[in-house]
Amino acid sequence: MLQLPFIRENKEAVLTGLHKRHFANAEATIDQVLTLDQQRRDTQRELDDTLAQSNAKAGQIGALMKAGDKAAADAAKAETAELKVRSKDLGETLRQIEIDLQAVLVTIPNIPHSSVPEGRSADDNEVVLENGEKPSLYEGAQPHWELIKKYDIIDFELGVKISGAGFPVYKGKGARIQRALINFFLDEALKAGYLEVQPPIVVNEDSGFGTGQLPDKEGQMYYVTEDKLYLIPTAEVPITNLYRDVILPEGQLPIKNVGYTPCFRREAGSWGAHVRGLNRLHQFDKVEIVRIEKPEKSYAALEEMSLHVQGLLQKLELPYRVLRLCGGDMGFTSALTYDMEVWSAAQQRWLEVSSVSNFETYQANRLKLRSKLEGKMQLMHTLNGSALALPRILASILENNQTPEGVRIPNVLVPYCGFEMID
RNA sequence: AGAGAGAUGGCAGAGUGGUCGAUUGCGUCGGUCUUGAAAACCGAAGACUGUAACAGGUCCGGGGGUUCGAAUCCCUCUCUCUCUGCCA
């Protein structure tokens, strides 16, 4: 959520940012916010004055009672009636204005960073760099959904039986390579100075709101009605929310956390072409890195996270590219996002495996995540990134490393897997 | 799941209607002392809102009520703890 004073003082910059996102009705929305804000402050002021008068009267009455002057006290009491009615009315008005204001504010996305390219869709994203060599496959090479059948390492039909489509069952070397990847990713993050955490994988509504999944992406999360809990779509939610309503001592910054969790996504309406096999699932595994930074350091941190993710891909010997998402393709809460995509040799296309974002104060404002720096209370910057999401990594390892004899495991994973080939 | 107890400032823990934003202890920060530290002593310190700055207003789990006045009384919700039950 954007900060009200920021909108008030930077109206033009906010509008420019919203236009970059192709946010509809930017002018009308911002005008509405500013009008409501003015109303809010006027009403607040009037209410405060009324309450101040009431407080003064109550004090007087107390003093009169103490002095034993009952008649004067009763007279003063009579005078408070009108104040009482007025403060009640004003209070209700104020509350309604605040509700209305909040309702508009939550519909406004974050303002893109100046480096975010113009554009409407994924086609307009900027390719920052490309790294690694795309392998040329032998005659008869297959996409990963054929390979997993051939080697019997993932069973989708079995998953359908016990849960439904998009819930695969990993078996044998398929299960073991999952475990290997998770451990590899966690170990690499630990080496980079992250603290490992294991958060809950269901969260309450406050947490969903804190990181911006609610109310924006309500329909994308599985919901446990009985207990009013959401299954997490990403570890970003529980890990970032560890710091909700927290005032961090300056010495604790920056916070660097890493966590492995399963992730659950309903993916309502997004099924269709390009979703075969591991390309899109309802449940998948991911190792997530989360950082909380002082504002002036957040962009350096973002670059560092990008390099960390790239390092993982290099160690896995996967050809990848880095995209800077354009205004129209960025997530609701993000100010700047890098997507990392790996090359899927058999599908002949790029697959997103990581998304690294700086949210600046957008999440922190909802979370009330602050720190007192140089005597001033201020919102911190939150960042996160996948490091990494497993399914598409596995897909590209299978496809890129396939040989007529089997699939070669990347060297760095062999100690984790305990085998060199899937055959 | 059943019964009971509770929710107060970073933590612990007082406060049952009128200068209570709140006693006290620990912790934190500053100072005195010390070569330095510890101890001791002295002092400082909540958050939000609001203002040009003051002032003012709000906050004792959330919401509602009683009252001129609520941390304190009433209702309600949520959560936590203890015991019993169940269980990886």
Side-chain angles (χ1 to χ4, degrees), chain A residues 1-10 33-102 105 198-210 214 223-230 238 241-253 255 261-262 292 361 363-380:
Chain A
M1 207 157 60
L2 297 177
Q3 295 173 80
L4 218 28
F6 179 82
I7 299 178
R8 213 185 288 149
E9 289 154 26
N10 303 277
V33 166
L34 294 177
T35 304
L36 283 167
D37 180 44
Q38 190 59 50
Q39 283 174 18
R40 185 192 117 254
R41 284 189 293 162
D42 292 346
T43 310
Q44 173 89 255
R45 162 144 250 180
E46 213 181 326
L47 173 63
D48 287 355
D49 287 346
T50 310
L51 288 172
Q53 288 177 47
S54 291
N55 289 341
K57 275 271 186 284
Q60 285 169 22
I61 292 167
L64 288 170
M65 298 285 262
K66 224 174 221 171
D69 192 346
K70 191 150 186 318
D74 284 342
K77 275 189 197 180
E79 292 171 35
T80 62
E82 192 199 336
L83 290 173
K84 216 177 160 185
V85 172
R86 208 161 110 215
S87 62
K88 194 171 182 186
D89 285 351
L90 286 167
E92 270 160 24
T93 308
L94 181 64
R95 203 170 55 154
Q96 190 54 52
I97 293 171
E98 280 173 343
I99 289 169
D100 294 346
L101 185 55
Q102 179 78 359
L105 278 176
Q198 254 187 41
I201 59 174
V202 293
V203 296
N204 57 28
E205 190 180 344
D206 284 346
S207 298
F209 177 78
L214 296 174
Y223 184 53
V224 184
T225 52
E226 185 76 9
D227 297 294
K228 300 194 168 101
L229 293 169
Y230 294 87
N241 271 280
L242 296 175
Y243 305 95
R244 172 154 49 84
D245 292 320
V246 167
I247 300 172
L248 284 168
E250 184 171 2
Q252 282 182 23
L253 290 163
I255 300 278
T261 67
I292 296 163
T361 60
Q363 290 182 329
N365 192 30
R366 293 179 165 213
L367 295 161
K368 307 226 182 308
L369 164 51
R370 295 161 293 169
S371 187
K372 201 175 223 167
L373 304 180
E374 286 151 12
K376 242 180 70 188
M377 193 64 77
Q378 42 185 304
L379 295 171
M380 293 299 97

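At whole-Å resolution of the value, CG in D245(A) and C1' in rC79(B) are 15 Å apart. Rounded to whole Å, atom P of rC29(B) lies 13 Å from atom CD of E250(A). For the pair L83(A) CG and rG57(B) C1', the computed distance is 14 Å after rounding to whole Å. The CG-P distance, from L229(A) to rU78(B), rounds to 14 Å in whole Å. Rounded to whole angstrom, the span from the CG atom of L47(A) across to the C1' atom of rU58(B) amounts to 9 Å.
For the atom pair M377(A) CE and I247(A) CD1, the distance stands at 4.0 Å (nearest 0.5 Å).
Across the C1' atoms, rG17(B) and rA71(B) are found 11 Å apart, a figure rounded to whole Å. For the P atom pair drawn from rU19(B) and rA70(B), the interatomic distance equals 11 Å after rounding to whole Å. Nucleotides rG64(B) and rU58(B), compared at atom P, are 15 Å apart to the nearest Å. Annotation: rC86(B) and rA5(B) have their P atoms spaced 24 Å apart (nearest Å). Straight-line distance between the P atoms of rG21(B) and rA12(B): roughly 24 Å, to the nearest whole Å. Distance check on atom C1': rG6(B) versus rC60(B) gives 14 Å, rounded to whole Å. Taking atom C1' on both rG62(B) and rU80(B), the two are 15 Å apart, rounded to the nearest angstrom. Taking atom C1' in both rG10(B) and rA45(B), the straight-line distance is 12 Å, to the nearest Å.
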Heteroatom pairs (N/O) under 3.5 angstrom, protein to nucleotides 61-72 of chain B:
unit_1	atom_1	unit_2	atom_2	d
rG64(B)	OP1	R95(A)	NH1	3.1

Quiz item: What one-letter contact string describes nucleotides 44-53 of chain B from 5' to 3', where B marks a base within less than 4.0 Å of any protein heavy atom, S marks contact via sugar-phosphate atoms alone, and - marks no contact?
Solution: ---SSSSS--
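Residues N241(A) and V203(A) have side chains not in contact (no heavy-atom distance under 4.5 Å, counting atoms from C-beta outward). Here the side chains of I7(A) and L105(A) are in contact, with some heavy-atom distance below 4.5 Å. Residues L2(A) and V33(A) have side chains not in contact (no heavy-atom distance under 4.5 Å, counting atoms from C-beta outward). Here the side chains of R370(A) and L248(A) are not in contact, with every heavy-atom distance at 4.5 Å or above. Annotation: side chain of L373(A) is in contact with side chain of M380(A) (closest heavy-atom distance under 4.5 Å). Between T93(A) and I97(A) the shortest side-chain heavy-atom distance falls below 4.5 Å. The shortest distance between side-chain heavy atoms of F6(A) and T361(A) does not fall below 4.5 Å. The side-chain heavy atoms of Q363(A) and R366(A), taken from C-beta on, include no pair separated by under 4.5 Å.
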Quiz prompt | R8(A)/R41(A) under side-chain contact (heavy atoms from CB on, under 4.5 Å): CA gap, chis, key distance, verdict | solution = CA-CA 12 Å; R8(A) 213 185 288 149; R41(A) 284 189 293 162; 3.6 Å; yes
Self-check item: Strand RNA chain B in bracket notation, Watson-Crick/G-U under 3.5 Å with | for pairs to another chain
Solution: ((((((((.[[[..)..(.....]]].(((((.......))))).((((......)))).[[[[[..)....]]]]])))))))....
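Under the 4.0 Å criterion applied to side-chain N and carboxylate O atoms, D48(A) and R45(A) are not assigned as salt-bridge partners.
The shortest distance between the side-chain N/O atoms of N55(A) and the OP1/OP2 oxygens of rG18(B) is not below 4.0 Å.
Minimum interatomic distance between A76(A) and I61(A) (heavy atoms only, all atoms of both residues): CB-CG1, 3.6 Å.
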